[in-house]
Amino acid sequence: MSASDEAIIRVEQLTARYGDRLIFDGVDFQVRRGEVFVILGGSGSGKSTLLKHMIGLYRPAAGRIWIGDEDISSAEGEARQRILQRIGVMYQSGALFGSMTLRQNITLPLEEFTDLPPEARDWIASMKLGLVGLAGFEEYLPAEISGGMKKRAAIARAMALDPEILFLDEPSAGLDPITSAALDETILELSRSLGVTFVIVTHELPSIFRIADRVIMLDGERKRIAAIGSPAELRDGAEDAWVRAFFRREAVA
Amino acid sequence: MARPVSMETASDPDGRPVLRLQGRFDAAGAGAVWRDALRWARSRSGEAAGGERVLDGSGIEYCNGAGASLLLAVRDEVMRGGAALRFEGLSDATTRLVESLAPGEDTATSDRESGPGWVEGLGEATLELMADLRAQVAFVGEFAWMLGAAVLRPARVRWSDFFRVAHSAGIGALPIITLVGFLLGLILSFQSVIPMQRFGAEIFVADLLGLSMFRELGPLMTAILLTARSGSAFAAEIGTMKVNEEIDALTTMGLEPVRFLVVPRVLAVILVVPVLTLWMNLAGLVGGALVFRSLEYPLVTFVTRVADFAGVVDLVGGLGKSFVLGLIVAAVGCQRGLAAGSGSEAVGAATTSSVVSGIVLIALAEGVFAVIFYAMGW
């Protein structure tokens, strides 16, 4: 993996709330260009909330999120469009458009944001589907393929505009271990061959050890970051006994 | 068959109140004695005897989670009265079950309060209403902006969606529009013919029908049918997309949901609604003509009377009105869908609310039009 030291995402003093309920408070971290960065935490610790802030769906209560040198947390209009075209998102359910075939799902952003002729768009769609191992499924509707295939198709769609950063929300949730491992392979392959930066929300330990360069672990109790580092570092050297235990899959009393 | 459950109350030799439970304490058994057992727990009869009470469970044959909950509820109630409850004669399995179900010291209680008072409820409802209103105003603003943008740059409109919706909301609605229009004309004429015949004025039924269909009933009934058919469909369709994160996906792709989903739908509806209104008017006239023919008047009399009495102003005024009503119906349907919460229930709520608010807004708009038309002397 080709992680450099250059930060591609900088999260500064991010605070999130739902109404009166504080989710996390003053979170700071950076994601480096080209790395596979995993967001981890118990249920309710705010993993998905953090992700939704990073992709600009939620406005933070306080703090900033820089994608490159632009602030997605306050951008409006064209500046926001510009940032959004640098990122791709795979949602937990896939969120493919149900009335469109896989090809149409992928050509949609191409139609909207490029002047490519239709045959070029179709060609690109087929290539992206091939990249995630779905060559030949262009004319299928999302309802006609399996859950794992939907997630891969959703990654293909997220990559339609060749974004620099891909955000994946629980890619392995609801998948069997073999399909999940295949998906991990896809992620690693894309990371190596295209140099895409990945930000992934997951709590599948085997998957984290396979793919993650660095992990951030959220602490739902204390509303902050519990630990940040490579999976091996956290397993062996985290200050928090609870974090070490989590990585060794021990029950914590 | 297991013995039915029974409970009896007594006092032991030391004067402590005793509750004896017998039988099979599953959900059905616990439910059968739940209220009586808690009434015993609440009664203050045993307070003289040092505040201790006894629950004798030696007759319990079987106890599952529901039965254990009953035991715990009784103990809780007794302790709330300031007394203590001793379990006696419970089997080991039941004791273990009770212990594992008993809430521990550190059990976090939900910080969300259950059952707010009515003052709080009123406040919350008001805040919700205000938030809803604000969301609608914001929607109208964004929508108007996007509609303007669509007029300036037609290439940015999703015409494929436009044609699909125009087809389903337009051509698909023809049968029901025909049926309702025809019945409306038939019933209206028939009911007015009866009293008017007494004055020999049945010929004026044609005037009446023509005028009321063109000016009022045609646009109104078309709009109501459209709310029920298409407004609700938009709310359900967009609401489901919201639940499936598809709206989020559009947003993060940089495709504004209002431009992408709402504009083609609303444009399609405001295109088809005047046509549907015309069709409704025509179907109403056919219904009226049928009544007229049954009174042995020639058809030409009917046609001339309608044409003479209901002028172009009435027809065009009605069509203009239908245009605005269509805009309201389609926009409300889409807005409700976009405002849907999460979960399948939210889709149902969005659909219901799209129809209800649609009809309320139609009524409001009708009122406004009545005032305008009156003031203009049309």
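Per chain, numbering begins at 1; letters A, B, ... match sequence-line order.
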Open item on the list: Please classify the contact between A/Q85 and chain B as side chain, backbone, both or neither, with a heavy-atom cut-off of under 4.5 Å.
Closed with: neither
Open item on the list: Is the shortest side-chain heavy-atom distance between B/E245 and A/L96 below 4.5 Å?
Closed with: no
Open item on the list: Let's test your reading of the structure: which of B/E237, B/R158, B/R156 forms the most heavy-atom pairs below 4.5 Å with chain A?
Closed with: B/R158
Open item on the list: For A/K52 versus B/D248, what's the shortest heavy-atom pair and its separation?
Closed with: CE-OD2, 4.2 Å
Task: Donor-acceptor contact below 3.5 Å, side chain A/S93 vs main chain B/N244 - done: yes
Task: Contacting moiety of B/R259, where chain A heavy atoms sit under 4.5 Å - done: side chain
TODO: For B/L255 and A/E112, work out which heavy atoms get closest and say how close.
DONE: CD2-CG, 3.3 Å
Task: chain B contact via A/R80 - which portion, at a heavy-atom distance below 4.5 Å - done: side chain
TODO: Return the minimal non-hydrogen interatomic distance between A/R157 and B/A249, and the atom names on each side.
DONE: NH2-CB, 3.5 Å
Open item on the list: With a 4.5 angstrom heavy-atom cut-off, is it the side chain or the backbone of A/F113 that approaches chain B, or both, or neither?
Closed with: side chain
Task: Which atoms of A/Q92 approach chain B - backbone, side chain, both or neither, heavy atom under 4.5 Å - done: both
TODO: Measure the spacing between CG of A/L108 and CG of B/L250 and express it to the nearest 0.5 Å.
DONE: 7.0 Å
TODO: Would you indicate whether B/F323, at its atom CZ, is surrounded by more than 12 heavy atoms from other residues, nucleotides or ligands within a distance under 6.0 Å?
DONE: no
- [ ] Nearest 0.5 Å please: distance from the OG1 atom of B/T251 over to the CD1 atom of A/I55.
- [x] 9.0 Å
Task: Heavy-atom neighbours of B/E345 CD exceed 12 at 6.0 Å - done: no
- [ ] Kindly give the heavy-atom pair with the smallest separation between A/F97 and B/M241, and that separation in Å.
- [x] CD2-CE, 4.0 Å
Open item on the list: Nearest 0.5 angstrom please: A/Y91 OH to B/E246 CD, how far?
Closed with: 11.0 Å
Open item on the list: Distance check, rounded to the nearest 0.5 Å: A/M100 atom CE versus B/S160 atom OG?
Closed with: 7.0 Å
Task: Over 12 non-hydrogen atoms of neighbours within 6.0 angstrom of CZ in B/R153 - done: no
